[in-house]
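Just below is one structure, and these are the notes that go with it.
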Amino acid sequence: MKQKTMFYCTECGNETPKWAGKCPACGAWNTIVEQPEAPKIASRAGGRTVRGVSVRRACPVTELQADEEIRFPTGMGELDRVLGGGAVKGSLVLVGGAPGIGKSTLMLQICSKLCEFSKVLYVSGEESEHQLKLRAQRLHVDSGSLYVISETSLGDLLGSVEAEKPDVLIVDSIQTLYNDALDSPAGSVSQVKDCTLALMQLAKGQGITVFVIGHVNKEGSIAGPKVLEHMVDCVLYFEGDQHTSYRILRAAKNRFGATNEIGVFEMRDEGLAEVENPSEMLLSGRPDDAPGTCVTCVMEGMRPVLAEIQALVVTSASGNPRRTSNGFDYNRAAMLLAVLEKRGGLKVSACDAYLNIIGGLWLDEPAADLAAVVALASSYLDRPVPRDLVAIGEVGLTGELRTVNQLAQRISEVRRLGFTKCVVPAHRADSLRPPEGLRLIPVRNIGEAIRAALRQPE
Ligand code: TYD
Ligand code: MG
């Protein structure tokens, strides 16, 4: 039987049944190449044949054996948290992030714990063995179970795995790895896809836990398009501002756990340190008595985290006011400004408005609405929010305050960090028992909230 062929674009990975000079998806020229369609997987034993086509019977879910996945700690509690309670044996984890953010540092650091109970092979295409040794010394990673090799060829990598038989394999980075059976250069979509597939087979076939580092390019995707996300078990992104020392690790995909947990680290001279109290980190350096800032509490997975929202509202010099938001959904910020104008009575439509979340956090929870409104009003009215006040609540289109989930957990975190006042939606205030030392200020709408949060200067 003749094998059917498919074509795909080496630039964006788009598959197409016909060859074309120009890729219909990304518009690149001369990037469409032919790939033979994967041969059909032979039917397993137990199948039968209907009109020449083999049929494999589905199995009732009740009869399937559920094997618990085997998890192990990486020695970094924050990484374990994002992975859903440790790394899963035989899984493939992609760690993405901008160059220089600390991916290699994180991977080398976890080796010291992993080596206590397993053999680790660290394959680097980015650094020489000598450079790896220097980095390992700096990070105090010194174990006879850690094997390093500087290698970029997929064939040689597989040979090293065969020779060393490691339990954990770290590949730094997928963009430097190449399969010489393919014509395209290392880092191209077909190479990255092909090498990841080979690593996936290693993970599933031999039960090796594989961590793969991938650089995120300017557009924010790994290897240009996000070609790898659907292939791997977990995708973690390491984010942070190059100019500050804090780094946030979050899961974009996790086949073995939730994706809403974050891990927080600080880059120090001796490597990455875990930040167990992200709220303290996010609130450090908060200005005293400055208008335009308000603290809120959001849930990052199971963990309540305090975040500072800053706003700047100034009369616009042009007839077309500017609106910018950083770490906060742009459309939601625009909606809150409209509610502030219509229901709060502040003439913000003629003003430029900037909203910024401190510490590289992305607030996508409606619970942060109220603090954003209070920060905007504080900047507009030039009156500071008291330093010990936090605002939590979702704002509706009529300016009313809606309740948020896990309020009790949030207010106990608020108190733990020394705050004494918390503005909350009125209809939840009665059923809440605030922790000792915290006063709840129940409000029904944004007008009441602004009046309560921004007292006239005495
Ligand atoms: P690195 O892990 O090499 O980044 P990536 O692999 O994501 O490209 O980290 C690079 C940066 O981290 C570099 O600017 C130096 C800094 N760094 C420290 O501050 N302390 C350390 O102990 C190490 C190893 C790196
Ligand atoms: Mg690196």
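Just so it is clear, the values below take in all heavy atoms, side chains as well, and ignore hydrogens, waters and symmetry mates.
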Answer yes or no: is there a side-chain heavy-atom contact under 4.5 Å between [X] and [Y]?
{"X": "K347", "Y": "Y380", "answer": "yes"}
{"X": "I392", "Y": "C422", "answer": "yes"}
{"X": "V232", "Y": "V212", "answer": "no"}
{"X": "T152", "Y": "Y178", "answer": "yes"}
{"X": "M299", "Y": "P304", "answer": "yes"}
{"X": "R247", "Y": "L106", "answer": "no"}
{"X": "I450", "Y": "L381", "answer": "yes"}
{"X": "N356", "Y": "L312", "answer": "no"}

Should [X] and [Y] count as an ion pair when the cut-off is N to O under 4.0 Å?
{"X": "E394", "Y": "R428", "answer": "no"}
{"X": "R439", "Y": "D388", "answer": "no"}
{"X": "E365", "Y": "R410", "answer": "yes"}
{"X": "R332", "Y": "D369", "answer": "yes"}

field: Derivation of the side-chain contact (heavy atoms from CB on, under 4.5 Å) call for L337 and L355
entry: CA-CA 11 Å; L337 279 164; L355 209 57; over 6 Å; no

- request: Show the numbers, then the answer: is there a side-chain contact (heavy atoms from CB on, under 4.5 Å) between F211 and C111?
  value: CA-CA 11 Å; F211 289 94; C111 289; over 6 Å; no

Where [X] and [Y] come nearest, the two heavy atoms and their spacing:
{"X": "A186", "Y": "L177", "value": "CB-O, 3.9 Å"}
{"X": "M231", "Y": "M200", "value": "O-CE, 3.2 Å"}
{"X": "M76", "Y": "L272", "value": "CE-O, 3.8 Å"}
{"X": "L249", "Y": "F265", "value": "CB-CE1, 3.9 Å"}
{"X": "I208", "Y": "P166", "value": "CG1-O, 3.6 Å"}
{"X": "V264", "Y": "P278", "value": "CG2-CB, 3.8 Å"}

Expected output: side-chain [X] to main-chain [Y] donor-acceptor under 3.5 Å:
{"X": "E129", "Y": "S150", "result": "yes"}
{"X": "T296", "Y": "A391", "result": "yes"}
{"X": "R81", "Y": "G85", "result": "no"}
{"X": "E400", "Y": "T398", "result": "yes"}
{"X": "S316", "Y": "C351", "result": "no"}
{"X": "E308", "Y": "I358", "result": "no"}
{"X": "T196", "Y": "V192", "result": "yes"}
{"X": "D352", "Y": "R322", "result": "yes"}
{"X": "R387", "Y": "P287", "result": "yes"}
{"X": "R138", "Y": "G271", "result": "no"}

Please say whether more than 12 non-hydrogen atoms of neighbouring residues, nucleotides or ligands are located less than 6.0 Å from [atom1] in [X].
{"X": "K342", "atom1": "NZ", "value": "no"}
{"X": "D289", "atom1": "CG", "value": "no"}
{"X": "K253", "atom1": "NZ", "value": "yes"}
{"X": "R286", "atom1": "CZ", "value": "yes"}
{"X": "M302", "atom1": "CE", "value": "no"}
{"X": "D142", "atom1": "CG", "value": "no"}
{"X": "L64", "atom1": "CG", "value": "yes"}
{"X": "R402", "atom1": "CZ", "value": "no"}

statement: S279 meets the side chain to side chain contact (heavy atoms under 4.5 Å, CB included) criterion, sequence neighbours left out, with V305, L306, E413, L417

message: As a test of understanding, state which of F72, F117, Y122 forms a side-chain contact (heavy atoms from CB on, under 4.5 Å) with V168.
response: F72

- request: Among V120, T209, L146, find the residue that satisfies the side-chain contact (heavy atoms from CB on, under 4.5 Å) test when tested with I170.
  value: V120

Euclidean distance, [Y] [atom2] relative to [X] [atom1], rounded to 0.5 Å:
{"X": "I309", "Y": "L363", "atom1": "CD1", "atom2": "CG", "answer": "5.5 Å"}
{"X": "R135", "Y": "M107", "atom1": "CZ", "atom2": "CE", "answer": "12.0 Å"}
{"X": "L336", "Y": "E341", "atom1": "CG", "atom2": "CD", "answer": "13.5 Å"}
{"X": "L199", "Y": "L228", "atom1": "CG", "atom2": "CG", "answer": "10.0 Å"}
{"X": "E127", "Y": "D172", "atom1": "CD", "atom2": "CG", "answer": "6.5 Å"}
{"X": "T74", "Y": "K113", "atom1": "OG1", "atom2": "NZ", "answer": "9.0 Å"}

- prompt: Going through the checks in order, is the side-chain contact (heavy atoms from CB on, under 4.5 Å) test met by F419 and L283?
  reply: CA-CA 12 Å; F419 289 86; L283 297 184; 3.6 Å; yes

field: Evaluation steps, side-chain hydrogen bond (donor to acceptor under 3.5 Å, both in side chains), between E126 and T176
entry: CA-CA 7 Å; E126 309 247 336; T176 55; 4.6 Å; no

Side-chain donor-acceptor contacts of residues 86-95 below 3.5 Å, not counting sequence neighbours, with atom names and distances?
from	atom 1	to	atom 2	distance (Å)
K89	NZ	G207	O	3.1
S91	OG	V88	O	2.7

message: Run the side-chain contact (heavy atoms from CB on, under 4.5 Å) test on V339 and V373 for me, step by step, so that the C-alpha distance in whole Å, both residues' side-chain angles and the decisive distance to 0.1 Å come before the verdict.
response: CA-CA 9 Å; V339 174; V373 165; over 6 Å; no

